[in-house]
Amino acid sequence: MENAFAERLVAWQRDHGRHDLPWQVDDPYRVWLSEIMLQQTQVATVLDYYARFLARFPSVETLAEAPVDDVLAAWSGLGYYSRARNLHKAAKRVMDVYGGAFPQARSELETLPGIGRSTAAAIAAFAFGEREAILDGNVKRVLTRAFGIAGFPGEKAVEKKLWALAERLLPETGIQAYTQGQMDLGATVCTRGRPACIVCPMVDGCVAAREGRTGELPTPRPKKTVPTRDTVMLMLTWQDKVWLERRPPSGIWGGLLSLPEFAGSGAAEDWACSLGNVDVDIAWPELEHVFTHYRLIITPLPARLREGSANLVRDGGGDWWPLAEALDAGLPAPVKRLLGRLAPRA
DNA sequence: AAGACGGGGGA
DNA sequence: TCCCCAGTCTT
């Protein structure tokens with residue numbers, strides 16, 4: 001083999017990789033089962049389930065003949081239960097279409113339910129020695145770091161680049177050791193949190209190690225657009241005072257003074273008007289406040305109490321605050337902004 | 001308390 | 001074709 005990457009990896013796998021995993025056997029059924037279990041689950045967790053599952057369903061035939069509920073029961077606790085349903089479907093297909101013998105080609109394995117490109121390649125390589133590239137989370141981490149590939153690997157263009165690279169790096173021989181080596185290196189050395197670059201066989205050419213970027217690579221998934229919540233804040237004034245309420249000690253703005261909130265302007269108006277002679281203004285333009293986990297859209301609704309029950313009560317309590325005093329108290333930033341706009345006319 | 005994980009299925 | 005989701009574990 002002429003590429004140093006594969007050469008080093010295979011040598012490392014021989015000396016430091018894992019050789020005693022129960023699915024490192026010459027049996028496509030066991031290889032397949034392990035690859036499905038390992039899809040979203042780590043080795044340590046899989047070991048137990050794998051042994052029990054195999055005891056209950058020792059062959060693709062017994063699996064195919066079992067009721068799907070039994071399969072799900074054996075899977076119970078592993079999560080992602082569609083994996084178990086697909087496993088059962090695939091077992092039936094292997095029996096019906098292939099007479100119980102797994103197909104050998106990656107392309108054909110890929111047609112079975114629950115088997116995508118990477119899983120198909122892993123089965124083809126481990127069970128049949130086919131020269132196929134895998135691209136699971138471990139490989140993505142190793143490749144993005146070693147070659148300094150930025151951009152979220154789930155993104156189409158980045159993933160395409162990684163697949164091309166993975167195929168280019170494939171050795172001519174020793175596909176099992178090479179494939180296992182990538183998985184082992186990613187799982188035990190090139191880990192997400194604190195990669196052990198000091199013992200890594202690839203550290204010499206590694207872009208991330210050289211440039212101190214192991215913390216940035218692989219590029220994390222872009223933050224989900226945070227959900228949006230809407231609230232109406234009633235800016236109720238009486239003489240030169242504003243009605244404020246103390247927020248609960250925990251949660252957002254815990255313990256701060258804030259304006260009373262309502263789900264809609266209707267609810268806010270209803271409450272305000274129940275207090276007596278109240279003028280409700282037209283709502284002010286919406287105010288957006290961004291938290292780490294959601295966006296809050298605030299509709300400020302100004303209202304003035306002319307006369308009536310100034311000793312009003314709302315659950316959670318509240319008080320009339322002279323505007324100047326309120327502005328000095330602990331207030332959420334957007335509430336302070338709102339009260340600031342109120343001040344000139346108070 | 002949030003992100004990782006591979007494939008399926010819906011848009 | 002692309003994007004979002006799922007269920008458990010790890011950090």
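What you see is a predicted model, and the numbers here were worked out from it, not measured in a lab. Proteins get letters first, then strands, A, B, ... in listed order; numbering begins at 1 in each. The analysis underlying the following values was restricted to heavy atoms, covering all of them including side chains, and did not include hydrogens, waters or symmetry mates.
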*Asks:* Whole Å only: how far is the CZ atom of R221(A) from the C1' atom of dC5(B)?
*Replies:* 9 Å
*Asks:* T119(A) side chain N/O closer than 4.0 Å to the phosphate oxygens (OP1, OP2) of dG7(B)?
*Replies:* yes
*Asks:* Once hydrogens and angles are ignored, does a donor-acceptor distance under 3.5 Å link the base of dG6(B) to the side chain of Q40(A)?
*Replies:* yes
*Asks:* Would you mind reading off the distance between L217(A) atom CG and dG3(B) atom C1', rounded to a whole angstrom?
*Replies:*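 After rounding, the reported distance stands at 17 Å.
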*Asks:* Between dC9(C) and dG8(B), how many Å separate the two P atoms, rounded to a whole number?
*Replies:*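 These two P atoms come out 23 Å apart once rounded.
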*Asks:* Need to verify one output field. Residue with the more 5' nearest nucleotide on DNA chain C, Q42(A) or Y80(A)?
*Replies:*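 Checking each residue's closest nucleotide, the 5'-ward one belongs to Y80(A).
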*Asks:* Measure from CH2 on W32(A) to P on dG6(B) and round the result to the nearest Å.
*Replies:* 19 Å
*Asks:* Counting only heavy atoms not in E211(A), do more than 12 fall under 6.0 Å of its CD?
*Replies:* yes
*Asks:* So, OP1 or OP2 of dT8(C): does either fall under 4.0 Å of a side-chain N or O from Y81(A)?
*Replies:* yes
*Asks:* For N86(A) and R83(A), does a side-chain donor sit closer than 3.5 Å to a side-chain acceptor?
*Replies:*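 Looking only at side-chain atoms, R83(A) and N86(A) do not form any donor-acceptor pair under 3.5 Å.
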*Asks:* For R83(A) and dG7(C), give me the distance from atom CZ to atom P, rounded to whole Å.
*Replies:*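 These atoms are roughly 11 Å apart.
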*Asks:* Once you apply a heavy-atom cut-off of 4.0 Å, does S82(A) come out as touching a base, just sugar-phosphate, or nothing?
*Replies:*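 Result for S82(A) = nothing.
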*Asks:* Can you confirm whether more than 12 heavy atoms, excluding those of R117(A), are under 6.0 Å from its CZ atom?
*Replies:*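 Count over threshold, so yes.
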*Asks:* Which whole-number value in Å describes the distance from L78(A) CG to dG7(B) P?
*Replies:* 16 Å
*Asks:* Mind calculating the distance between CD (Q39(A)) and C1' (dA6(C)) to the nearest angstrom?
*Replies:*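 Going from Q39(A) (CD) to dA6(C) (C1'), I get 13 Å.
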*Asks:* Judged by each residue's nearest nucleotide on DNA chain C, which is more toward the 5′ side, A44(A) or G79(A)?
*Replies:* G79(A)
*Asks:* Between dG8(B), dT11(C), dG6(B), which one does the side chain of R192(A) approach most closely?
*Replies:*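 That would be dT11(C).
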*Asks:* Enumerate the residues from residues 145-167 of chain A whose closest heavy atom to DNA chain B is under 4.0 Å, giving them by residue number; use none for an empty result.
*Replies:*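 Heavy-atom contacts with DNA chain B come from no residue of residues 145-167 of chain A; none.
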*Asks:* By the 4.0 Å heavy-atom rule, please label L38(A) as base, sugar-phosphate, or nothing.
*Replies:* nothing
*Asks:* Would you check if the side chain of D281(A) reaches a backbone N or O of P302(A) as a donor-acceptor pair within less than 3.5 Å?
*Replies:*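 Not at all, since once roles are kept as given, no pair shorter than 3.5 Å links the two residues.
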*Asks:* Does atom CG of D15(A) have more than 12 heavy-atom neighbours from other groups under 6.0 Å away?
*Replies:* yes
*Asks:* Let me know the distance between CD of Q182(A) and P of dG6(B), rounded to the nearest Å.
*Replies:* 13 Å
*Asks:* Would you measure the distance from the P atom in dG3(B) across to the matching atom in dC4(C) and give it in whole Å?
*Replies:*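 One P to the other, the span is 15 Å.
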*Asks:* Is there a donor-acceptor pair closer than 3.5 Å between any side-chain N or O of T119(A) and the backbone N or O of G116(A)?
*Replies:* no
*Asks:* In this structure, which one of R85(A), R93(A), K92(A) forms a side-chain contact (heavy atoms from CB on, under 4.5 Å) with P113(A)?
*Replies:* R93(A)
*Asks:* Within a 6.0 Å radius of atom NZ on K161(A), are there more than 12 heavy atoms belonging to other residues, nucleotides or ligands?
*Replies:* no
*Asks:* Determine which bases of DNA chain B form Watson-Crick or G-U wobble pairs with both distances under 3.5 Å, and write the result as a 5' to 3' dot-bracket string with | for other-strand partners.
*Replies:* |||||.|||||
*Asks:* Using a cut-off of strictly less than 4.0 Å, decide whether R141(A) has a side-chain nitrogen or oxygen near OP1 or OP2 of dC5(B).
*Replies:*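 True: R141(A) side-chain N/O within range (under 4.0 Å) of dC5(B) OP1/OP2.
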*Asks:* With a 4.0 Å cut-off on heavy atoms, is G137(A) in touch with a base, just the backbone sugar-phosphate, or nothing at all?
*Replies:* sugar-phosphate
*Asks:* To the nearest Å, how far apart are E35(A) CD and dG7(B) C1'?
*Replies:* 14 Å
*Asks:* For the atom pair CG (L338(A)) and CG (L301(A)), what is the distance rounded to the nearest 0.5 Å?
*Replies:*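 Going from CG on L338(A) over to CG on L301(A), the span is 11.5 Å.
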*Asks:* Do the rings of F147(A) and F5(A) sit parallel, tilted or perpendicular, given the 30° and 60° boundaries?
*Replies:* tilted
